[in-house]
**Student:** 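Attaching a single structure in structure tokens format; questions to follow.
Bear in mind the structure is a predicted one, so any value in this text is a computation, not a measurement. So that the names make sense, note that chain A is the first sequence line, chain B the second, and so on, each numbered from 1.
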There are 2 protein chains.
Amino acid sequence: MPRTANTYDTFTAIAEPKRRELIEKLIGGELSVGQLVEITSWSQPMVSKHLSVLKEASLVSERKEGRQRFYRVNANELKPIQIWVRQFEKYWNTQFDQLDEYLSKLQK
Amino acid sequence: MPRTANTYDTFTAIAEPKRRELIEKLIGGELSVGQLVEITSWSQPMVSKHLSVLKEASLVSERKEGRQRFYRVNANELKPIQIWVRQFEKYWNTQFDQLDEYLSKLQK
DNA sequence: TTTACACATTCCTATATAGGAATATAATAA
DNA sequence: TTATTATATTCCTATATAGGAATGTGTAAA
């Protein structure tokens, strides 16, 4: 079985690099699908499908205007990630971690 | 094609709930595989395999002692996540977001 | 009322896993 | 040595997608 989740949660949604890229493009404000297609030079269905996943995870919202659809980020939905990571903040830059990182880099 | 990444990056590694759980168990300090098996009541191969993915993503480190292996979190490796999410912090709790969240909750 | 446009959805396929069962490996104990 | 313990790895299967191609849907323009 692959990832067991049947529906997209926030963590899974942003695990896909292309979806993170889409979210980043939307930082500046809402954009239409066509604009995203142009900016990314991905196929239109590809953009739409990734947006659909992001929407299912509530990470973006949609606004219809004529035949265009404008998407924008729901930044608040990223809070759970922040909260989860925050637990580990106090352990950053400990001696052990510095050493680990050093050894890890060294191996490559 | 599923997730295109051939190797585990940090985002993909923590997308799996069980792996987040393992990381959380390791906050308090290093634990052996056996201890993790007991704490989680998952099968031993399951624990080992998830640990292996976390190790590949450098999220944990291993220390051998006799026939046991103790794992600990490399908290520093979570920084990229924090950094990525931080971009969106300033957009938290905007009016749009509040509304989105409200509508999203309402729909469920 | 057709045509063109913007976008979503469906159908298909290839592939990366998550999990279970069985087995391998390495270290200690007998 | 041989047995036991702790853990990793392999083999297998089921399944969730990511991507491409084709098609559907709704809106506006001609």
Side-chain angles (χ1 to χ4, degrees), chain A residues 1-26 30-73, chain B residues 1-26 30-73:
Chain A
M1 287 156 236
R3 185 136 309 110
T4 195
N6 202 7
T7 179
Y8 284 103
D9 67 308
T10 312
F11 283 90
T12 308
I14 68 160
E16 167 63 45
K18 284 197 168 63
R19 285 198 286 266
R20 288 203 297 281
E21 212 173 323
L22 280 184
I23 293 178
E24 287 166 18
K25 303 296 186 197
L26 292 172
E30 59 175 23
L31 290 174
S32 70
V33 176
Q35 291 175 308
L36 285 169
V37 167
E38 203 186 329
I39 293 173
T40 58
S41 30
W42 305 340
S43 75
Q44 176 265 310
M46 185 161 152
V47 170
S48 283
K49 277 188 279 188
H50 279 304
L51 282 173
S52 143
V53 171
L54 290 173
K55 202 175 76 179
E56 194 185 334
S58 301
L59 279 164
V60 300
S61 289
E62 203 188 14
R63 180 176 68 82
K64 298 185 191 180
E65 185 183 318
R67 40 190 168 186
Q68 305 188 81
R69 303 209 189 174
F70 290 90
Y71 284 86
R72 65 171 177 281
V73 180
Chain B
M1 287 155 235
R3 183 136 310 108
T4 196
N6 204 5
T7 179
Y8 283 103
D9 67 308
T10 312
F11 283 90
T12 308
I14 68 160
E16 166 64 44
K18 284 197 168 63
R19 285 196 287 265
R20 288 203 298 281
E21 212 174 322
L22 279 184
I23 292 178
E24 288 166 17
K25 303 297 186 197
L26 292 173
E30 59 175 22
L31 290 174
S32 71
V33 175
Q35 291 174 308
L36 284 169
V37 168
E38 201 186 330
I39 291 174
T40 59
S41 31
W42 304 339
S43 76
Q44 177 265 311
M46 186 162 153
V47 170
S48 282
K49 277 188 280 188
H50 279 303
L51 283 173
S52 143
V53 171
L54 290 172
K55 202 175 77 178
E56 194 185 335
S58 303
L59 279 165
V60 300
S61 289
E62 203 188 13
R63 179 176 69 82
K64 298 185 192 181
E65 184 183 319
R67 40 190 168 187
Q68 305 187 81
R69 302 210 189 173
F70 289 89
Y71 284 86
R72 64 171 179 281
V73 181

**Student:** Which nucleotide wins on minimum distance to the side chain of B:Ser48, given the candidates D:dT17, D:dA8, C:dA6?
**Tutor:** D:dA8

**Student:** Give A:Ser32 one of three labels, base, sugar-phosphate or nothing, depending on what nucleic acid heavy atoms sit under 4.0 Å from its own.
**Tutor:** sugar-phosphate

**Student:** Please give, in whole Å, the distance from C:dC7 P to A:Arg63 CZ?
**Tutor:** 12 Å

**Student:** Does a side-chain heavy-atom distance below 4.5 Å link B:Arg19 with B:Tyr8?
**Tutor:** yes

**Student:** What about B:Arg67: does its side chain form a donor-acceptor pair under 3.5 Å with the base of D:dT5?
**Tutor:** yes

**Student:** Which is it for B:Glu62 and B:Lys64 under the salt bridge (charged side-chain N to carboxylate O under 4.0 Å, His left out) test, yes or no, and what are the steps along the way?
**Tutor:** CA-CA 7 Å; B:Glu62 203 188 13; B:Lys64 298 185 192 181; 5.5 Å; no

**Student:** What's the NZ-P distance between B:Lys49 and C:dT23, to the nearest Å?
**Tutor:** 15 Å

**Student:** Taking the six-membered ring of B:Phe11, is the NZ or CZ of A:Arg20 close enough (under 6.0 Å from the centre) and on axis enough (within 45°)?
**Tutor:** yes

**Student:** Using atom CD of B:Glu38 as one end and atom P of D:dA6 as the other, report the distance to the nearest whole Å.
**Tutor:** 11 Å

**Student:** Checking all strands, does B:Glu62 fall into the base, sugar-phosphate, or nothing category for heavy-atom contacts under 4.0 angstrom?
**Tutor:** sugar-phosphate

**Student:** Starting from P on D:dG26, measure out to CD on A:Gln68 and report it in whole angstrom.
**Tutor:** 18 Å

**Student:** Figure out the CH2/P separation between B:Trp42 and D:dT7, and round it to whole Å.
**Tutor:** 16 Å

**Student:** To the nearest angstrom, how far is A:Lys64 atom NZ from D:dA28 atom P?
**Tutor:** 12 Å

**Student:** Figure out the CD/C1' separation between B:Glu16 and D:dA16, and round it to whole Å.
**Tutor:** 12 Å

**Student:** Can you confirm whether B:Gln44 sits close enough to B:Val37 that some side-chain heavy atom of one is under 4.5 Å from a side-chain heavy atom of the other?
**Tutor:** yes

**Student:** Mapping A:Arg69 and A:His50 to their closest nucleotides on DNA chain D, which lands nearer the 5' end?
**Tutor:** A:His50

**Student:** Of all the nucleotides listed (C:dC7, D:dA8, D:dA21), which has the minimum atom distance to the side chain of A:Pro45?
**Tutor:** D:dA21

**Student:** To the nearest Å, how far apart are A:Leu51 CG and D:dG19 C1'?
**Tutor:** 15 Å

**Student:** D:dA8 phosphate, OP1 or OP2: any side-chain N/O from B:Tyr71 under 4.0 angstrom?
**Tutor:** yes

**Student:** For residues B:Lys18 and B:Trp42, determine if any side-chain heavy atom of one lies less than 4.5 Å from a side-chain heavy atom of the other.
**Tutor:** yes

**Student:** Looking at D:dG20, C:dA22, C:dG19, which one has an atom nearest to any side-chain atom of A:Met46?
**Tutor:** D:dG20

**Student:** Using the closest heavy atom to pick a nucleotide of DNA chain C for each, name whichever of A:Phe70 or B:Gln44 lands nearer the 5' end.
**Tutor:** A:Phe70

